[in-house]
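In what follows, a structure is listed as structure tokens, so that the remarks can point back to it.
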Amino acid sequence: MNMLTSQELTNLLRERGYKVTPQRLAVYEALADETWHPNAEMLFNKLQPKFPAMSFATVYKTVEILHDINVIQILNTGEDSFRYDADVSEHYHLRCLKCGAVDDALMDEGVKLQLTQDVEKQSGYTISRRQFYFFGLCPKCSTMH
């Protein structure tokens, strides 16, 4: 996973005409820090102690900006709110239907290629991007089942 340094993010924000603020850098760092795939509320709750004056709207606007400059992905895992991921490489996600955890799913390159070719052949589309979501119970919830 190739995360940007604060300086790289600063340069990118400026290049695209966005103001650089400590809150914007902190939102990105919170996303780049772990593979926790938070929603805006989770991000807000994590950053609130450090930035008590930061509003929920600031977090939400920041993830929109970070997505606009292509440094985060917006994930739609079938919940009421989107999740965010600082890993912008093509990879897939799993969501636990019980606890709501969202994790990365590793998929063999050959399987992705075969599936893409099958879909292209069947549909006539030329595929340029793929997103996969898998749903089930995480190991923790499976053992409690």
Lys61 with Glu64: basic N within carboxylate O range, under 4.0 Å: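 Judged by the 4.0 Å cut-off on N to carboxylate O distance, Lys61 and Glu64 do not form a salt bridge.
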- prompt: Hey, are Gln7 and Thr5 close enough side-chain-wise for a donor-acceptor pair under 3.5 Å?
  reply: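 Gln7 and Thr5 do not have a side-chain donor-acceptor pair below 3.5 Å.
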- prompt: For residues Asn11 and Glu15, is any side-chain donor paired with an opposing acceptor at under 3.5 Å?
  reply: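 Side chains of Asn11 and Glu15: no pair found under 3.5 Å.
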task: Kindly compute the distance separating OH (Tyr28) from OH (Tyr84), expressed to the nearest 0.5 Å.
output: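 Reported to 0.5 Å precision, the distance equals 16.0 Å.
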field: Separation between CD of Glu90 and CZ of Arg129, rounded to the nearest 0.5 Å
entry: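 Between Glu90 CD and Arg129 CZ, I get 9.0 Å after rounding to 0.5 Å.
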If hydrophobic clusters are built by linking Ile, Leu, Val, Met, Phe, Trp and Tyr wherever their side-chain heavy atoms come under 4.5 Å apart, do [X] and [Y] end up in the same one?
X	Y	answer
Val20	Ile72	yes
Val27	Phe56	yes
Tyr133	Ile74	no

Backbone of [Y] reached by a side-chain donor or acceptor of [X] within 3.5 Å:
X	Y	result
Glu120	Ile127	yes
Arg83	Leu75	no
Arg130	Lys112	yes
Gln73	Ser89	yes

Contact between [X] and [Y] at the side-chain level, heavy atoms closer than 4.5 Å - yes or no?
X	Y	answer
Val88	Asn70	no
Glu34	Lys46	yes
Trp36	Leu43	yes
Thr77	His37	no
Phe134	Met107	yes
Leu13	Lys19	no
Leu9	Leu25	yes
Asp68	Tyr18	yes

field: More than 12 heavy atoms from other groups under 6.0 Å of CG on Leu113
entry: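 Counting other residues, nucleotides and ligands, CG of Leu113 exceeds 12 neighbours.
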query: What do the steps show when you test Val63 against Phe82 for side chain to side chain contact (heavy atoms under 4.5 Å, CB included), and what is the final call?
result: CA-CA 10 Å; Val63 289; Phe82 294 122; over 6 Å; no
query: Can you name the salt bridge (Lys or Arg N to Asp or Glu O under 4.0 Å) partners of Arg14, sequence neighbours left out?
result: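 Arg14 satisfies salt bridge (Lys or Arg N to Asp or Glu O under 4.0 Å) with no other residue.
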